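One structure is given below, encoded as structure tokens.
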Amino acid sequence: MKFIHITDIHLVSPNVLLHGLDPARRFARCLDDIKRNHSDAECCVITGDLADKGEESAYQFLFDQITNLGIQCHLILGNHDHRGNFLKTFAKMDVDEHGFIQYTIRTSAGVFVIIDTLESGTSSGIYCEHRSEWLRDTLKQNSDESVFLFMHHPPFDLGFSCIDQIGLTDQRNFAEIVRPYANIRHLFFGHAHRPISGNWQGISFSSLRGTNHQVALDFKSEEINYADEPPEYSIVLVSDDQVIVHTHMFPLEINE
Ligand SMILES: [Fe+2]
């Protein structure tokens with residue numbers, strides 16, 4: 001089974017630049033590359049920061065783009081998103097009983113669990129008791145399945161202080177919810193705008209650069225510094241005994 005992971009697309013209003021770059025053009029190029037090379041992907045998951053300032057026009061652009069992709073696209077909110085504005089465009093989105101954008105997707109590789117860590121007014125991720133309850137129930141119901149987790153904020157520190165200080169706040173609670181489930185095969189997240197992979201309490205994980213701007217690899221700085229690094233997306237191949245993540249720095253210019 002093949003699927004695509006994209007993160008941190010940070011769309012803005014039309015004709016506006018962000019960090020001197022055009023997020024709409026870059027995201028469109030990303031989708032072009034996927035269409036040309038991976039149209040056989042079963043689905044695509046975007047792990048948050050869909051709109052840079054939660055702009056309604058950005059969500060409308062996103063809607064139009066993914067409607068034309070020809071691959072089912074699943075969306076996650078990040079700290080730059082606005083849940084209410086998002087739902088104006090994506091009104092048919094699954095929400096949990098408390099209105100959070102949390103849902104499951106049944107794929108041929110197993111169950112994808114989509115997690116909402118957005119809390120307005122903070123860049124950090126929050127996983128409140130309502131959301132935690134939903135995740136406990138969801139993991140319990142799917143304990144006999146292969147499960148894959150998707151969220152914007154990593155649920156642990158990365159050793160990267162500028163990002164760690166805006167990470168998930170109650171990491172211990174999240175870790176305790178997930179720990180009993182050996183059937184969780186991989187965790188995908190965004191937020192850091194960097195390619196990062198490893199293992200967290202027995203669960204393999206991966207993240208990647210965004211499609212617009214990137215964060216510099218600086219372990220000492222408390223402030224986020226940006227880097228002139230290329231955008232990328234990941235192609236994930238899943239079989240019974242493997243999860244392989246290929247990260248692709250797609251070209252921004254098309255050479256026919
Ligand atoms: Fe971001």
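Heavy-atom basis, side chains included; hydrogens, waters and symmetry copies ignored. Remember, it's a predicted structure, so these values are computed and weren't measured experimentally.
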Neighbour count above 12 (heavy atom, 6.0 Å) for His130 NE2: no
Residue list, side-chain hydrogen bond (donor to acceptor under 3.5 Å, both in side chains) with His74, at least two apart or on another chain: none
Would you indicate whether the side-chain heavy atoms of Arg29 and Pro251 approach each other to under 4.5 Å? yes
If you apply the rule side-chain contact (heavy atoms from CB on, under 4.5 Å), what do you find for Val243 with Leu237, and how did you get there? CA-CA 6 Å; Val243 179; Leu237 305 175; over 6 Å; no
Arg194/Glu232 ion pair, N-O < 4.0 Å: no
Could you go through Phe61 and Val12, starting from their C-alpha distance and side-chain angles, then the distance that decides it, and tell me whether this counts as side-chain contact (heavy atoms from CB on, under 4.5 Å)? CA-CA 9 Å; Phe61 177 82; Val12 291; over 6 Å; no
Return yes if a side-chain donor-acceptor contact under 3.5 Å exists between His19 and Asn212, otherwise no. no
Between Lys2 and Glu42, does at least one N-O distance fall below 4.0 Å, as a salt bridge requires? no
Give a yes-or-no answer on whether the side chains of Gln102 and Arg131 include a donor-acceptor pair shorter than 3.5 Å. no
Distance under 6.0 Å and angle within 45° of ring axis: Arg185 vs Phe148: no
Asp144, CG atom: more than 12 neighbouring heavy atoms under 6.0 Å: no
Taking atom CE as the centre, does Met1 end up with more than 12 heavy-atom neighbours from other residues, nucleotides or ligands that are less than 6.0 angstrom away? yes
Is the distance between the ring centroids of Phe112 and Tyr103 under 6.0 Å? no
Examine Phe86 together with Phe63 and report whether their ring centres are nearer than 6.0 Å. no
Taking everything shown except Asp241 itself, do over 12 heavy atoms lie less than 6.0 Å from its CG? yes
May I ask you to check whether over 12 heavy atoms, not counting those of Asn199, lie within 6.0 Å of atom CG? yes
Residues Thr47 and Thr7: closest non-hydrogen pair is OG1-OG1, 2.7 Å
Nearest atoms (heavy-atom pairs only) where Ser124 meets Gly167: CB-O, 3.3 Å
One should read off an interatomic distance between Arg106 CZ and Thr104 OG1, to the nearest 0.5 angstrom, of 5.5 Å
Near-ring test Phe205/Trp200, centroid separation under 6.0 angstrom: no
Nearest 0.5 Å, what's the SG-CD1 distance between Cys30 and Ile6? 4.0 Å
So, Arg25 and Glu253, do they make that salt bridge, N to O below 4.0 Å? yes
Is there a side-chain contact between Val45 and Ile114, using heavy atoms and a 4.5 Å cut-off? yes
Identify whether Leu252 and Phe27 are in the same connected component of the hydrophobic contact network (ILVMFWY, side-chain heavy atoms under 4.5 Å). yes
Does the side chain of Tyr59 come under 3.5 Å of the side chain of Asp81 through a donor N or O and an acceptor N or O? yes
Smallest separation among heavy atoms of Ser57 and Ser13, with atom names: OG-OG, 3.3 Å
Answer yes when Glu129 and Arg136 have at least one side-chain N-carboxylate O distance shorter than 4.0 Å, and no when they do not. yes
In one Ile/Leu/Val/Met/Phe/Trp/Tyr side-chain cluster, 4.5 Å: Phe156, Val113: yes
Taking the six-membered ring for Trp, are His246 and His38 closer than 6.0 Å centroid to centroid? no
Would you please classify the geometry between the Phe160 ring and the Phe219 ring as parallel, tilted or perpendicular, with 30° and 60° separating the classes? perpendicular
Could you tell me which non-hydrogen atom of Leu118 sits nearest to which non-hydrogen atom of Gly78, and how far apart they are? CD1-O, 3.4 Å
Assess whether a salt bridge exists between Arg209 and Asp8, defined as any Lys/Arg side-chain N lying under 4.0 Å from an Asp/Glu carboxylate O. no
Count I, L, V, M, F, W, Y as connected when their side-chain heavy atoms are under 4.5 Å apart, and connections chain through other members. Are Ile115 and Leu87 then in the same cluster? no
Write down the atom of Ala41, the atom of Ile71, and the distance for their closest heavy-atom approach. O-CG2, 3.7 Å
Looking at Asp64, I want to see if its CG is surrounded by more than 12 non-hydrogen atoms of other residues, nucleotides or ligands under 6.0 Å. yes
Go through the steps to decide whether His5 and Phe3 satisfy the test ring pair (Phe, Tyr, Trp, His ring centres under 6.0 Å), and finish with yes or no. CA-CA 7 Å; His5 180 201; Phe3 75 94; 7.6 Å; no
For the rings on Phe189 and Phe150, is their centre-to-centre separation under 6.0 Å? no
Assess, by modelled atom type and distance only, whether the side chains of His191 and Asp49 contain a donor and an acceptor separated by less than 3.5 Å. no
State, to 0.1 Å, how close Asp40 and Asn37 come at their nearest heavy-atom pair, and which atoms those are. OD1-O, 4.5 Å
